[in-house]
Each structure stands twice: as structure tokens, then as C-alpha cells.
Amino acid sequence: MKSLETLQAELTAALACSLELVPNPAVPAQSSLRIRSDQALALAHFLRDTPDWQFDFCSNVTGIDWPDRTEKIKVKRLVDGVEKEVEETRTVPGFLEVVYHLYSIARQDGPLILRQRTANRDTDTTVTSLTPVWRSCEFQEREVFDLFGVRFDGHPDLRRILMWDGFVDFPMRKDYVEPDDYEYEPTPHDEVLERAQRHYPAGEAAA
Amino acid sequence: MIDEGLKNELAKQGVFVTSVQELYNWGRSNSVWPLSFGLACCAIEMMAASMARFDISRFGSEVFRPSPRQADLMIVAGTVTKKMAPQVVRLYNQMPEPKYVIAMGACAISGGPFKQGYNVLKGIDRFLPVDIHIPGCPPRPEALLHALITLQEKIAGQPLTGPERPRHLNAAVSGEYPVPEFGPHDLQPPRNDGLWKPLPLVRPT
């Protein structure tokens, strides 16, 4: 496969779209391209239909939840008339991300990894559905909708797929609180141990 | 009740003596028809048990019925998700008396590896009266056959009169159990408290 930089340059030239290369410095080195939701459909059609690329198969769609996080930054401030470097914390708003793995069966090539991000985690969680381009996205986008709460614009049948229709939470989000229904577990550890300690105080019968 | 020694002695003389209760229970314990119904990988072992190698028909249970109306035994073979649980209870309610339940495998008896997850029931005995539990992940077909034989012994030992008589001979007892509803976060109710009474647990200090 040609490098992602080549692809990025080619796509930018052909479609006049803005792409961000998201590097992966870990061992798999599977870097990805972050695409904008308003350009996603045109870009997907291009990737599928251009003879040079022919990404005809979307094998995987998954979601990632990036919660709000705080980071420390160094800023210059005037302290008592003297300019000093002060450490400050600021909150980086979270977002949801959808990841697509594309393969080309015709050219025996892949994977090409695309990412789409939502604006935030609660009010605007819409991205563009790629189901009109790759049919195999349909159920997997429904699953991402079900478990992460990402809404897919242009999806033909967006409903919950694993949980029931009246369910209101999104279980794969980091801030999901599951029903407090702990029951005996022979070897509890980590979070389960905390729940065990809360439900079965040492030396006392369970309530 | 007839004396066991006398019965054996008479049998040697070619006289077969039995009681209505024994005959009745012998008949129904050797024709337990399961519901053909599987939920996950345990169902594959259940199918294997019905095939020629393990041959569940040796015990009169080869007639897997596709309709709950014709089945006597529900083998809960596999993971019961919270989304599936109401349907499982509904199927049980649709079975005619006498009916029995075998919970097969770690998931059906306790939730198994998914126990602390958000979408798996922590055992079907929260909603249904389970007669036999089989541990294993999945249990071997021999374990299912053992469970079936244990169930047959249980059926054969049921008295037809008195307070211990089976449910279908006791008009005062209902064989239907409430079907849980889908709530916004969990099943409503999350368990049948009239049925599920765990032993009090104490964590050692």
C-alpha cells in the first residue's frame, strides 16, 4: 500500500478536503486519517470508486469514547510585576470517535483506517453514515449508536441493536454507571472487589 | 407401599407388582421431551448430546419439540441476556404442566464469565424455578445426560398425593411466573424475589 501521506496528498488535491493524519507510534504503526463529517461521503465514494484505490470493503466499524480531560499547560503571567511561567490546568472537552477499517479486495490491499469525530459527547454527537457507500457498515454503525450514542446522519435504519429500545444509557461510554446489582463472585478484583466490599461488609451478613 | 424384597421375590416367580404412582412416574420420567431451544455455545453440546455418539434417545428424550406447547423440559443452554430473559420466561409460561428446567452451563446458572457485565442475567434461576444446574463451560454431553438422569430420578421420586405432589396435580399452585419488563436501565424487576432466595453471605475478615 502506498503511504498514508501519499493518499492524504492525493485526496486533498482531488477533493479539496482537509484531512488530518493521526499517527500511531506503537508497534502496529497503523496510522489513520481523520476526515471531516461533512466531507466524509464524497471522500468515501472517491476511495471506493477510484481505480487507484478501490477500497471496496469496510470490514470494521468501532467507536471510541474520549471523556473530558484536564491537562497542565505552562503559561506566562505577570506575577507581582515580574513575568513568570505558571502552570495552569485547563479542561479539554471530550468527544466520540468512530473508526472505519477499509480493505481493497480487488487490489489485495489494506487496511486503511478512517476516523470521524463528533463535536462533543452530549449535545452534538452526529457524524455522517458511510452505509450508503459500504453496506457492511449498517449493523456496525447501529452497534456504535447503541453502545456509544453516536448518531449517524444518513443511516437507513438507526435503532438499537443489542440493547432493548427503551434502554436509555450507552454502556460502552467511560462514564456509564451499570445497575448496582452485584452478586457473589468467588474471586473479585478491582472494581468488582469494591462492589463486593460495599455489598458484603466483612464479618456481617449481607443485607 | 409394597415391600421391596417381596416385590423382587414375586418378580422371580413371574408376578409383576407395581403401584399406580410408580407406573405413572415411570412413564413420564422416561419420555421427557425437551424444547428445542438454544441460546449460545452450550446449545452445540446439547445438539451433540442428541446425536448418535451420545444419543439422548437412550433416555427417551430425543424428541426435541419446536413448540413449547408440546415440551416437558426446558434446557436453558447458554448465556441469557437481559434482552432475551423475558422471552425465555414467556416460553416457560407457555409450556404445559408438568414442566421442568435444566440450567446448562456457567452462564445459565450464574452469568459465567459475563456475570458482572451490564447485559447478562446472573442466572436464569432469578426468574424460573430451576430443577437441575449443570456447571461447565460448556458442559460435556455426558454432563447433560447426567442431569437428565438426575431429573428422571427426581420425577420418579415425586409422590402423587400430599403436599409434596407435583404442581400439575395441585390446582392451588400456578406454573406461570411473572415476565420481567424492559426498564430504562435494567429489567423490571431485576429478579423474582419470591423465587430467588440466596443464602446470606459473609465476607471473611
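Source: prediction; values computed, not measured. Lettering follows sequence order; numbering is per chain, from 1.
Environment of CD in A:Glu85: crowded, with over 12 heavy atoms of neighbouring residues, nucleotides or ligands closer than 6.0 Å. Within a 6.0 Å radius of CD in A:Glu88, other residues, nucleotides and ligands contribute more than 12 heavy atoms. By the neighbour-count criterion of 12 heavy atoms within 6.0 Å, atom OH of A:Tyr176 is densely surrounded, having more than that number from other residues, nucleotides or ligands. Taking a 6.0 Å sphere around NE2 of B:His168, one finds it holds more than 12 heavy atoms contributed by other residues, nucleotides or ligands. Dense packing is recorded around CZ of B:Arg58, with more than 12 heavy atoms of other residues, nucleotides or ligands lying under 6.0 Å away. The environment of CZ in B:Arg165 is crowded: more than 12 heavy-atom neighbours from other residues, nucleotides or ligands sit within 6.0 Å. For CD of B:Gln87, the number of neighbouring non-hydrogen atoms (other residues, nucleotides, ligands) closer than 6.0 Å is greater than 12.
Heavy-atom distances place no part of B:Pro190 under 4.5 Å from chain A, backbone and side chain included.
The CZ atom of A:Phe170 sits 12.5 Å away from the OH atom of B:Tyr118 when rounded to the nearest 0.5 Å. Distance check: B:Asn119 CG to A:Glu178 CD gives 11.5 Å after rounding to the nearest 0.5 Å. A:Asp165 contributes atom CG, which lies 6.5 Å from atom NZ of B:Lys83 (distance to the nearest 0.5 angstrom).
A salt bridge between A:Asp181 and B:Lys115 is absent, with no side-chain N of the basic residue lying under 4.0 Å from a carboxylate O of the acidic one.
At a threshold of 4.5 Å between non-hydrogen side-chain atoms, the residues A:Asp169 and B:His185 count as touching. Within the 4.5 Å cutoff, side-chain heavy atoms of A:Glu183 are placed close to those of B:Arg191. Within the 4.5 Å cutoff, the side chain of B:Lys122 has no heavy atoms near those of the A:Tyr182 side chain.
Listed for the A:Trp164 side chain is no donor-acceptor partner under 3.5 Å among the backbone atoms of B:Met84.
Nearest heavy-atom pair across B:Gln116 and A:Arg195 is O-NH1, 4.0 Å.
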